[in-house]
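Reading through the structure tokens given below for one structure.
Chain letters run A, B, ... following the sequence lines, proteins first, then strands; residues in each count from 1. Since we're looking at a predicted model, the values are computed, not measured.
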Amino acid sequence: MNLEGLVPFALALVLAPLLLGVINRTKAFFAGRRGAPLLQAYYDVAKLLRKGAVFSRTTTWVFRAGPILSLAAMLGGLALLPVGGFPAVVAFEGDFVLLAYLLGVARFFTVLAALDTGSAFEGMGASRDVTFSALAEPALLLGLAAVGREAGGLSLSGILPALTAATWLSAAPQIALVAAALLVVFLAENARVPVDDPDTHLELTMIHEVMILDHSGPDLGAILYASVLKLWILGGLLVGVALPVRTGTVLIDLASFLGGLFALAVLTGVIESTMARLRLVRIPQLLVGATTLSILALILVLR
Amino acid sequence: MTQMIEAVMVLLVLTNLLLLGTSRLATCIRTVAIQGVALGTLPVLGHAHELSLRLVLLAVGSASLKGVVFPFLLFRAMREADVRHEIEPFVGYTASILIGIGSLAVSVWASSRITLPGPAVSSLVLPAALFTILVGLFVIVSRRKALMQVIGYLAMENGIYAFGVVLVGEIPMLVELGVLLDVFVAVLVMGIAIYHIRREYDHIDVDELDALKG
């Protein structure tokens, strides 16, 4: 356990909802609106935590445990993520597999909670979410395996800091391919536009939003907070791979990481404003494409 | 220069995968054109230290033929035959991409076992060239529209070109021009053939060509 890793950990806990604000502001800018305040996600979480929760009589403890467990899994995932010049709070060989499966655990309990409501509508969303994330997972794992091999490490705290500008110069195609694959995974896992539309509540197109319809009050707040943490974790992975600023000076590294992360939020807003959602049948193709990029990177690294 | 050649090879592999995963004929034509232009730069990149007028002419000639003339001919054939999409391929698009990944692995494995007469510019060239040839073959057998088979043929030719230019290096100019001329005539003839098939059968689905008409 690295105590200095607690600095970016605390920073993530504080700043993560801001990412959502930046994305929404970018979208508002493109739509010619003024948009919600940058701190809207904080207000939402604070408001939801003060409210009472309503539970359907058909639900069991599984439904109540879902949001808490996914939030806990996200906190665990955040502890594995090295940021800028800081090592992760917890680091060991092979921890990127644990990170992938912590994301999986969070999804598993969200899906169970959705199924526990007994609503056919939520079951549909659950089935879609599981399908798409099953396709996104190989892209994530193979991509991380490729950069891991390139950097010569199995721990995220060993891989990400080892990807320097020199690595980019010697292995640009590989890392660019992994970064592209991670961008698709980032968009898919966070239910952003080419895969899912976070704004709409249109029945036929919903994936993530549909699963959390029955949650209310603090539970919904926990889900919202867990989703921004997920945005931070996957975004942090992508920035860690794509932005090789490793000066050794803690402040510069940290600032470049945060800059990269918020630039990614702006990019997400731009993608959401300029692209339409893909048809559902096309999404597997996109995700298989991302997996292909990861495999190609892995082949290039292994050769 | 090795860096640049590797970048071209990665581009080649990615465009191949795009070729396997897309149903729009226009996108396929553009993809093969991009391949052709990228490969056209190879003679210059591969022999940057001893650049001659001959190499530059070869690069410009092949890039303009593959990047401008072929797309023009193919787009015209597409307009005349009035097809835009490969609607029902024999092998679906996601499956095609997976098969593509498989054949990429096969080409990497196979090229590790082939001994070359001379040193290769980059260890990526051989697998990428083999992969392009395999993808071209696969497109030819797995797609229904006659136009896609021309595209597959062009992709295959691109693979052979990559193979030759970088590995053998000094192909006599006459051979090179002869190959380009052959390909040009082939595309021209196939464009005309597609037009006639379309006029006879009202479609260009090759699997139904064995049905007699009369």
Side-chain angles (χ1 to χ4, degrees), chain A residues 128 131-132 134-143 145-147 149-150 165-184 188 194-195 242 244 276 278-303, chain B residues 1-24 27 31 38 85-87 89 91-114 120-132 134-135:
Chain A
R128 286 177 182 171
T131 312
F132 296 147
L135 290 168
E137 205 163 77
L140 177 67
L141 279 175
L142 291 169
V147 285
R149 167 86 187 194
E150 186 65 43
T167 331
W168 259 100
L169 282 180
S170 64
Q174 290 90 320
I175 301 181
L177 286 172
V178 173
L182 284 181
L183 178 64
V184 175
V195 176
L278 289 174
R279 276 185 295 145
L280 275 179
V281 287
R282 302 271 303 191
I283 295 174
Q285 237 170 313
L286 175 76
L287 294 172
V288 169
T291 311
T292 312
L293 296 184
S294 286
I295 292 177
L296 185 56
L298 194 60
I299 288 178
L300 288 179
V301 170
L302 285 178
R303 108 197 119 89
Chain B
M1 275 310 123
T2 317
Q3 280 278 312
M4 292 293 291
I5 291 178
E6 297 215 331
V8 170
M9 287 303 147
V10 171
L11 182 70
L12 193 63
V13 173
L14 287 179
T15 45
N16 282 333
L17 291 168
L18 182 64
L19 200 60
L20 289 175
T22 174
S23 74
R24 290 168 62 94
T27 312
T31 308
H85 291 273
E86 170 74 44
I87 296 161
V91 184
Y93 297 106
T94 309
S96 297
I97 291 181
L98 292 178
I99 289 174
I101 297 171
S103 49
L104 182 61
V106 168
S107 352
V108 170
W109 174 79
S111 51
S112 69
R113 308 190 59 102
I114 295 175
V121 187
S122 145
S123 58
L124 204 54
V125 174
L126 196 52
L130 279 179
F131 178 55
T132 315
L134 284 179
V135 166

Residues of residues 92-99 of chain B within contact distance of chain A, non-hydrogen under 4.5 Å: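 Only Tyr93(B), Thr94(B), Ile97(B), Leu98(B) of residues 92-99 of chain B have a heavy atom under 4.5 Å from chain A.
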With only heavy atoms counted, which part of Leu124(B) is less than 4.5 Å from chain A, the side chain, the backbone, both or neither?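 Its backbone and side chain both get close to chain A.
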Straight-line distance of Leu17(B) CG to Leu296(A) CG, nearest 0.5 Å: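 Answer rounded to 0.5 Å: 6.5 Å.
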Chain B heavy atoms under 4.5 Å from Leu302(A): which part of the residue, side chain, backbone, both or neither?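 The answer is neither part of Leu302(A).
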Select one option (side chain, backbone, both, neither) describing which atoms of Thr291(A) are under 4.5 Å from chain B's heavy atoms.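 It is neither, since no heavy atom gets under 4.5 Å.
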Among the listed options Leu177(A), Thr292(A), Leu300(A), the residue most often paired with chain B at heavy-atom distances under 4.5 Å: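 Sorted descending by pairs with chain B, the first entry is Thr292(A).
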For Leu14(B) and Leu293(A): C-alpha separation, side-chain torsions, deciding distance, then whether side chain to side chain contact (heavy atoms under 4.5 Å, CB included) applies. CA-CA 8 Å; Leu14(B) 287 179; Leu293(A) 296 184; 3.4 Å; yes
